Structures are given as C-alpha cells and as structure tokens.
Amino acid sequence: MQHVCALADVPVGEGLRIDSVSPPIAVFRTEDDEVLAIDDTCTHQDASLADGWLEDCWVECPLHASRFDLRTGAVDAPPAKLPVRAHAVEVRDGEVWVALSDAVPHLPPGVTYEAS
Amino acid sequence: MTDPRRVVVVGASLAGLATARALRAAGYDGDVTVIGDEPHRPYDRPPLSKGFVAGTLSVDDLSLETDDDLALDWRLGERAVALDPGTRTVTLASGTLVPGDAVVVATGSHARRLPGPPLAGVHTLRTLDDALALRSELLPGARLVLVGAGFVGAEIASTARGLGLDVTLVEAAPSPLAGPLGVEVGAMVARLHDAHGVPLLTGVPVAGLAGRDRVSGVVLTDGRVLPADVVVVGVGSVAATDWLAGSGLTIEAGGVACDAAGSTDAPGIWAVGDVAAWHDPSYAGRRRIEHWTDSLQRPARTVAALLGGPVDDPLPAPYFWSEQYGVQVQFAGRRLGDETVTIEAGAPETGDVLAVYRRGETPVAVLGMNQPRLFGRIRRQLSTPVQEFA
Ligand SMILES: Cc1cc2nc3c(=O)[nH]c(=O)nc-3n(C[C@H](O)[C@H](O)[C@H](O)COP(=O)(O)OP(=O)(O)OC[C@H]3O[C@@H](n4cnc5c(N)ncnc54)[C@H](O)[C@@H]3O)c2cc1C
Ligand code: FES
C-alpha cells in the first residue's frame, strides 16, 4: 500500500485527484464517510472524475454524465463504455493508503501517462 | 397506448438508440424497428468537429453502441419518406411500409446551407461523411474561412488552428453566441479566438462565395473578399421534418410539437432529440433543445409515457458543452434574456470563468469555462424560471 493523502484533505461528499501516482487516481469520501478510490481519468475523454458529482457510491463524470461505481469501477451507460480501475483503500490514523490495481487502465483515446 | 408490441423508431442516432435502449431497460420485449437513412451504425456527432477532425479519434471511437444485444431490427441506409399517423405506418423510400403500434420520430437535424449550387471546397458538418470530406481538406497552411461563429463553427476553427491552418471566422450577428449565452457572456467565450490568433469578424453578413469550379473566397456584404481554399458553413441546423410534410403533425418552432414527455398531437406518435419542439414550462411556446445530453436522457421519459407508466421525475436543466482551444465550455439552464449575470470565479482573461445567471436571487443558468467542479455544483441548484405572461 502507498500513502496518498490525509483523510482531512478530502471533504465529505467530494473527490480529490492524486497526481503522485500515474495515471492519476481519485479518492472519494461518500456521505456515509466511506473512502473509495478509482482511476481519475474518465475512459471517454480527458475529464477528471474527482471533479464529478458524487452520489451514494457513484460518481458522475463532470463532462458527459457517464457514472462510475466507486466500488468496482464499472460504468453505467455511454458515452463512456469501459470501466475505470478500482483501488483498495485503507484509512489508518487519519491517513489514506491505497493498493493500486494491477489491471491495465483504460485511458481515453489520445491520453497517455507514464506508468508509475 | 399501454401495450405496444411493435415500436418503430425513425432516426438511428443518439436519440433513436437511447429510445431503443430505454425500451429494453423498461422490460419491453416486443419488436423494435430502427430506421436510419445513413448507412452507419449509430455514432457520436460532437467529436466530429473536435477530436475526429483533429485525427485523435477513429471511426471506431465514435460508436455509440455497447456490447449489449438490444435485439433490434435495423433498417439502415433506408430513408423514411412519409408517416401516416392514423395507422402509425412509416413509408420508406423503397416503398416498403413499416407499421407500428407506436412511432418515435428521432430524425434530428440537417445542417443549414447557404443558397446557391454546391461548390467544391465548401462544407457543412453534420454527418460522419461530412467530417471525412472535411478532414481530407484541412491541410496545414490552407486558408479556411468559417461562415458562422456558433459553437460548431468555433470548434472547427479551434481544431483547424491546431492543425496549422490559417483560419478566419465571419459572423453576421454583431455579438457572437448572443443567442445561447447572451451578449456579455457570448463575448467572453468568443474572445478565445482572439487569444489564439484567429480573427473573428462580426456584424458582417456574407453576400456569396467566389470561385468557379472550386471556392476561392467568401464575399462579404461590405464588398470585402476573404480568400479561401476551404469554407465551412456553420449557420445552424434545420429539424429533419421534411419527410413529415403530409403527416398532419403540428410543426412548431421548426420542430415536431410535443409535450414535455414527447407525446405529439397524434396518439401513438412521439418525438425525441433534436427534432422535437418540447413544451417547456418556462417558455411561452415550445422550443427545440439541440443538445447531446438532453437527446440522450429525455427518451427514457418518453418511453415511460409510451409504455403507459407515470412520468414524474423532474426535467433536469438543459445542458450542453463545447470544447474550444483546449477549454471546456459548459452551459446549463434556461435563460429568458433578462437575467443578471455575475462572475463567481475566474476571469475572462484567464479563460476560466464561472458565470451565474439569476432572476432576482434565484440562479437559473450557469456557464463555466474550465470550471467543471463548480459548474457541476451550481448546475444542480438551478431553478426553472417562470415566464411572466402579460
Ligand atoms: C459537429 C457537431 C458537434 C456537436 N457538438 C456538440 C457538443 O459539443 N455538445 C452538445 O451538447 N451537442 C453537440 N452537438 C449536438 C448533438 O450532436 C445533437 O444534439 C444530437 O446529435 C441529437 O441527436 P438526435 O439523435 O436527435 O439527432 P441526430 O444525431 O441528428 O440523428 C438523427 C438521425 O436521423 C437520420 N434521419 C434524418 N431524416 C431521416 C429520415 N427521413 N429517414 C431516416 N433517417 C433519417 C439522420 O440521418 C441521423 O442519422 C453537435 C452536433 C454536431 C453536428
Ligand atoms: S469525459 Fe467522461 S463521459 Fe465524457
């Protein structure tokens, strides 16, 4: 597991983009105070899911409204057609730790990141 | 119509496919015939003026379909030429009759053209075939003149600039984007052209095109001629209602008149997407909403009504986005034109404005440039303005 941020950096009901891993991930804190992490980049185009709208354990992409399940990374409906990766999260002593999925990320066409 | 067994959808694109998907999602297991005059399976239009013409997206990337098998009866490359609302029968150009228990009109829009005969080098952009033709002519160094500085024109300008063309925009109206955004905010968005070295001439109508076998320039009403190797005409769109001429359906605001769920004045005939002129409680009349997200999401309500169920979920505020020079422009809400506008974050100079339109204290619309997070929050707080009838 790697340390990505402090819990206090993520307000309840919001997401935080983590650029220290590549491709970047997004850490979300749901209204029930559950902390979940998925890839930050939408699989449709280059949008940051951390900027999206969080409802229950789904985030709606800020651009074209495909929704991703924060537990599994699954997408509900087009325009995005591929899932993002979900990453295992642990919160210890107010710090957020993540074990990155080893699956291949589905980056949108034209977007590349160096693997970290 | 509470128990249809055969639904005919005319128009095989975003709204037509969303209708078919919503029918299956609602558990409808009868026949669904989808008629489309383009030879292609449903594809996405917004990238045509953006990543597709830029070359970053392929034809496969444009597909709107998923792996789910919706068990649809596709009639692609077939044009509907008539509708008889009484028998709910669609006539195809081939003469084939396609009867249904319900017919959903989803024929979208056509690009509006300039009068006069076709001329090589002059394009409009609505279809994949249009985009392929345009893409082959957008060569670095070529001189491109865009007639019309609406969203599609502005996006092509930005894409072509990125490809290294010499681009000029001409707009007949004195204020670009004033219709959708208002004069002040329209000007904020349009200044992106200036910031990227693309001249925008406003208040100058086009008199005609110069050139014999191929276009050589755009002639303005003030006598100027802008030399051009390629011209794109982006002067709006016309709802594809031509084939409904003898149907007796009411055409209003240029589209097929329907209520907020898409029901037309003929029983069993529905309209969705760009072609629909929706009843909207905030306007005195009906209006078309030519936005991608609305065309995708509204058919689920139409399907609920078509299957005889309740339609009670509130209508979300109309929403569209545009992408120009790397800036994400987003707009949601219903403007009547007399709102006050305040800038709540960013600045026009830095291209990251968040502007909120209010009637009195109440936010009714919002525009964001590269402000997805704040935009998304305000978008969900918008109220529907109510038109005051004198
Ligand atoms: C270049 C471009 C860029 C755009 N960018 C954006 C954007 O950034 N954001 C946004 O919100 N919106 C955008 N839009 C608008 C968006 O694409 C439309 O709102 C959307 O396509 C409407 O979907 P529709 O299914 O109602 O109509 P359409 O997509 O127009 O589809 C209608 C289909 O019906 C077919 N048809 C028409 N007549 C007949 C007939 N008689 N018989 C059989 N078939 C017929 C047509 O050929 C077409 O395939 C853009 C549009 C274009 C053209
Ligand atoms: S970028 Fe996420 S749905 Fe389009």
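Not measured: the values here are computed from a predicted model. Chain A is the first sequence line, chain B the second, and so forth, proteins listed ahead of strands; every chain is numbered from 1.
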*Closest heavy-atom contact between B/E65 and A/K81?*
O-CD, 3.3 Å
*asked:* In the structure I gave you, are the side-chain heavy atoms of B/D44 and A/H64 within less than 4.5 Å of one another anywhere?
replied: no
*With B/D29, which residues qualify under salt bridge (charged side-chain N to carboxylate O under 4.0 Å, His left out), at least two apart?*
B/R5
*Considering only heavy atoms, which portion of B/E323 lies under 4.5 Å from any heavy atom of chain A: side chain, backbone, both, or neither?*
side chain
_Quick check on A/A50 against chain B: is it the side chain, the backbone, both or neither that has a heavy atom closer than 4.5 Å?_
both
*Short question: side chain of B/R373, backbone of A/P62 - any donor-acceptor pair under 3.5 Å?*
no
*Measure distances from B/S63 to the heavy atoms of chain A and classify the residue's part below 4.5 Å as side chain, backbone, both or neither.*
both
*asked:* Can you list the residues of residues 46-53 of chain B that sit under 4.5 Å from chain A, counting heavy atoms only?
replied: none
*Give, as side chain, backbone, both or neither, the part of B/L296 having an atom under 4.5 angstrom from any heavy atom of chain A.*
side chain
_Spacing of A/Q45 atom CD and B/D61 atom CG [to the nearest 0.5 Å]_ = 10.0 Å
*Side chains of B/T56 and A/P109: closer than 4.5 Å at any heavy-atom pair?*
no
*Heavy-atom closest pair, residues A/L63 and B/Q330*: CD2-NE2, 3.6 Å
*Contacting region of B/L57 [heavy-atom separation from chain A under 4.5 Å]*: side chain
*Of all the heavy-atom pairs spanning B/L64 and A/P78, show the shortest one and how long it is.*
O-CG, 4.0 Å
*Measuring from A/W53:CH2 to B/R377:CZ, what's the distance to the nearest 0.5 Å?*
6.0 Å
*Heavy-atom distance under 4.5 Å to chain A: side chain of B/Y319, backbone, both or neither?*
side chain
